[in-house]
K.L.:
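One structure, pasted below without further comment.
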There are 2 protein chains.
Amino acid sequence: MASRSGHANERTDDVVAQIKRLLTASNQRLTRVRGSVIEALRGAGRPIRVDEILAVTPGLSQSSLYRNLAVFEAAGVVVRIQSADGRARFELSEELAGHHHHLICTRCGAIDDVALPDDIEQRLDGVLADVAAKSGFSMEHHRLDVVGLCRHCR
Amino acid sequence: MASRSGHANERTDDVVAQIKRLLTASNQRLTRVRGSVIEALRGAGRPIRVDEILAVTPGLSQSSLYRNLAVFEAAGVVVRIQSADGRARFELSEELAGHHHHLICTRCGAIDDVALPDDIEQRLDGVLADVAAKSGFSMEHHRLDVVGLCRHCR
DNA sequence: CTTTCTGCAAACGATTTGCAGCAGC
DNA sequence: GCTGCTGCAAATCGTTTGCAGAAAG
């Protein structure tokens, strides 16, 4: 539970409604199959792999999953994370789940979510936009990972 | 080791000597082929792909390159970066190239290096280690990317 | 009904690996 | 000479795609 995104209990319907809106804006339907993929992602609360989604979604074909994840990504519903082991991980976009970062375990590869205080984020964004601009680069957003050992591996 | 980060003209011998040390510590030789791969990486100054390394290293076979990159990675000489397009990029480790971050272009996929002021880095590390610990996670280091549009794509 | 989704199986492309010959020490 | 490194070609594996039938509106 513990829906992320800051607010203690963001209602399920809100998120689903927003997803529907995002899909509609991309001329895509929210079918039953797609709904089950969304549920798998919401239930995880961290970036998960294709095989993990398949494991909790009986009857879902791998190709449909990949195709739907691509649709979701294009619509801004999910974000794809290329992890070190070559298998991509997916999670709901920050627009839906709130801005956050990742704790990445170097031993087992697990990834979990974590958030920073708002004031830190703001100062960081200021510095980054500034440094980027000096390289002729216009920043859209940042991505920050903490690399180390998870609770189980240390 | 004095030489590190920032200075435009870090002496070749220092870096190569350190690489040799790292390889020796992993029971690996610094052969002529491996030397040419190192040169390709040093010349780039940013994370580059396998095909880019092959392009500037005539006669190098693809399989040897992949094998050597794996050896380098295990020895701490290079770091592998999984980029969004599925093709990995490689660059000298921070131990050799100094701590830095990446500017990632969402349009053309180019990646460039950038550094932040030391005081920012230190404050950030403090906050991150703290937040990570609250999740039972022990931080080794952080990874920070600026995502946006490069000089050519904006 | 028409269009979009879905599952199956085949295709793809980056990366890995088995093997025989060559290079480093 | 022994051991490790290299190149070639074949294998692997995550992901993508063509196609025909099923579901959504």
K.L.:
Taking only the side-chain heavy atoms of Ala88(B) (C-beta and beyond), determine which of dT6(C), dT15(C), dT15(D) contains the nearest atom.
P.N.:
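The answer is dT15(C), which lies nearest to the side chain.
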K.L.:
Within this structure, what is the CG-CZ distance for the pair Leu149(B) and Arg154(B), rounded to the nearest 0.5 Å?
P.N.:
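So the gap between those two atoms works out to 8.5 Å.
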K.L.:
Using atom CZ of Phe72(B) as one end and atom P of dT15(C) as the other, report the distance to the nearest whole Å.
P.N.:
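Roughly 16 Å, once rounded to whole Å.
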K.L.:
Taking His101(A) for its side chain and Leu144(A) for its backbone only, find out whether a donor-acceptor pair lies under 3.5 Å.
P.N.:
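Pair found, side chain donor or acceptor close to backbone of Leu144(A).
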K.L.:
OP1 or OP2 of dT6(C) sitting under 4.0 Å from any side-chain N/O of Ser61(A)?
P.N.:
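So the side chain of Ser61(A) is outside the cut-off, no N or O lying under 4.0 Å from OP1 or OP2 of dT6(C).
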K.L.:
List the atom of Val127(A), the atom of Pro117(B), and the distance in Å for their closest heavy-atom pair.
P.N.:
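Residues Val127(A) and Pro117(B), closest heavy atoms: CG1-CD, 4.4 Å.
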K.L.:
Can you tell me how far P of dG4(D) sits from CG of Leu23(B), to the nearest Å?
P.N.:
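Taking atom P of dG4(D) as the reference, CG of Leu23(B) is at 15 Å.
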K.L.:
Is it true that a side-chain atom of Glu94(A) and a backbone atom of His100(A) form a donor plus acceptor pair closer than 3.5 Å?
P.N.:
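Yes; judged by distance alone, with no hydrogens or angles, the pair exists.
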K.L.:
Without decimals, in angstroms, what is the distance between Leu65(A) CG and dG14(D) C1'?
P.N.:
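One finds 12 Å between C1' of dG14(D) and CG of Leu65(A), rounded.
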K.L.:
Without decimals, in angstroms, what is the distance between Asp51(A) CG and dC13(D) C1'?
P.N.:
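It is 12 Å, rounded to the nearest whole Å.
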K.L.:
Grab the CG-P distance between Leu60(A) and dC5(C) for me, whole Å please.
P.N.:
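In whole Å, dC5(C) P lies 15 Å from Leu60(A) CG.
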K.L.:
Please state whether the base of dC8(D) and the side chain of Ser63(B) form at least one donor-acceptor pair under 3.5 Å?
P.N.:
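Under the 3.5 Å cut-off, the side chain and the base do form a donor-acceptor pair.
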K.L.:
Name the orientation class of the two ring planes belonging to His99(A) and His142(A) (parallel below 30°, tilted from 30 to 60°, perpendicular beyond 60°).
P.N.:
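Perpendicular.
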K.L.:
Among dT15(C), dT15(D), dT6(C), which nucleotide has an atom closest to any side-chain atom of Arg80(B)?
P.N.:
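Looking only at heavy atoms from C-beta outward on Arg80(B), the closest nucleotide is dT15(C).
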K.L.:
Give a yes/no answer on whether the side chain of Tyr66(A) brings an N or O atom under 4.0 Å of OP1 or OP2 in dT15(D).
P.N.:
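Yes, Tyr66(A) has a side-chain N/O under 4.0 Å of OP1/OP2 on dT15(D).
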K.L.:
Rounded to whole angstrom units, what separation is found between the CG atom of Asp85(B) and the P atom of dG14(D)?
P.N.:
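Result: 19 Å.
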K.L.:
Any chance CZ of Arg107(A) has more than 12 other-residue heavy atoms, nucleotides or ligands included, within less than 6.0 Å?
P.N.:
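Open: at most 12 neighbouring heavy atoms sit under 6.0 Å from CZ of Arg107(A).
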K.L.:
Looking at dT6(D), I'd like to know if its phosphate oxygens (OP1 or OP2) sit under 4.0 Å from a side-chain N or O belonging to Asn68(B).
P.N.:
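Answer yes for this pair, as a side-chain N or O of Asn68(B) is under 4.0 Å from OP1 or OP2.
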K.L.:
Does dT6(D) have its OP1 or OP2 closer than 4.0 Å to a side-chain nitrogen or oxygen of Arg34(B)?
P.N.:
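Checking Arg34(B) against dT6(D): at least one side-chain N or O falls below 4.0 Å of OP1 or OP2.
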K.L.:
Do Arg67(B) side-chain and dG7(D) base share a donor-acceptor contact under 3.5 Å?
P.N.:
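Counting by modelled atom types and ignoring angles, a donor-acceptor contact under 3.5 Å is found here.
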K.L.:
Check the phosphate of dT6(C) against Gln62(A), side-chain N and O only, distance under 4.0 Å to OP1 or OP2. Yes or no?
P.N.:
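For dT6(C), neither OP1 nor OP2 has a side-chain N or O of Gln62(A) closer than 4.0 Å.
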K.L.:
Tell me the interatomic distance from Leu69(A), atom CG, to dC5(C), atom P, rounded to whole angstroms.
P.N.:
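One finds 14 Å between P of dC5(C) and CG of Leu69(A), rounded.
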K.L.:
Under a 3.5 Å distance rule, please check whether Asp85(B) uses its side chain to pair with a backbone N or O of Arg87(B) as donor and acceptor.
P.N.:
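A pair under 3.5 Å: yes.
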K.L.:
Compare the minimum distances between each of dG14(D), dT6(C), dC5(D) and the side chain of Val33(A), then state the nucleotide with the smallest one.
P.N.:
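Closest of the options to the side chain of Val33(A): dT6(C).
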K.L.:
Nearest 0.5 Å please: distance from the CG atom of Leu124(B) over to the CG atom of Leu116(A).
P.N.:
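Those atoms lie 7.5 Å apart.
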K.L.:
For nucleotides 21-25 of chain C, give me every protein contact, N/O to N/O, under 3.5 Å, one pair per line with atom names.
P.N.:
from    : atom 1 : to       : atom 2 : distance (Å)
dG24(C) : OP1    : Arg32(B) : NH2    : 3.1

K.L.:
What is the distance from CD of Gln28(A) to P of dT4(C), rounded to the nearest Å?
P.N.:
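Answer to the nearest Å: 9 Å.
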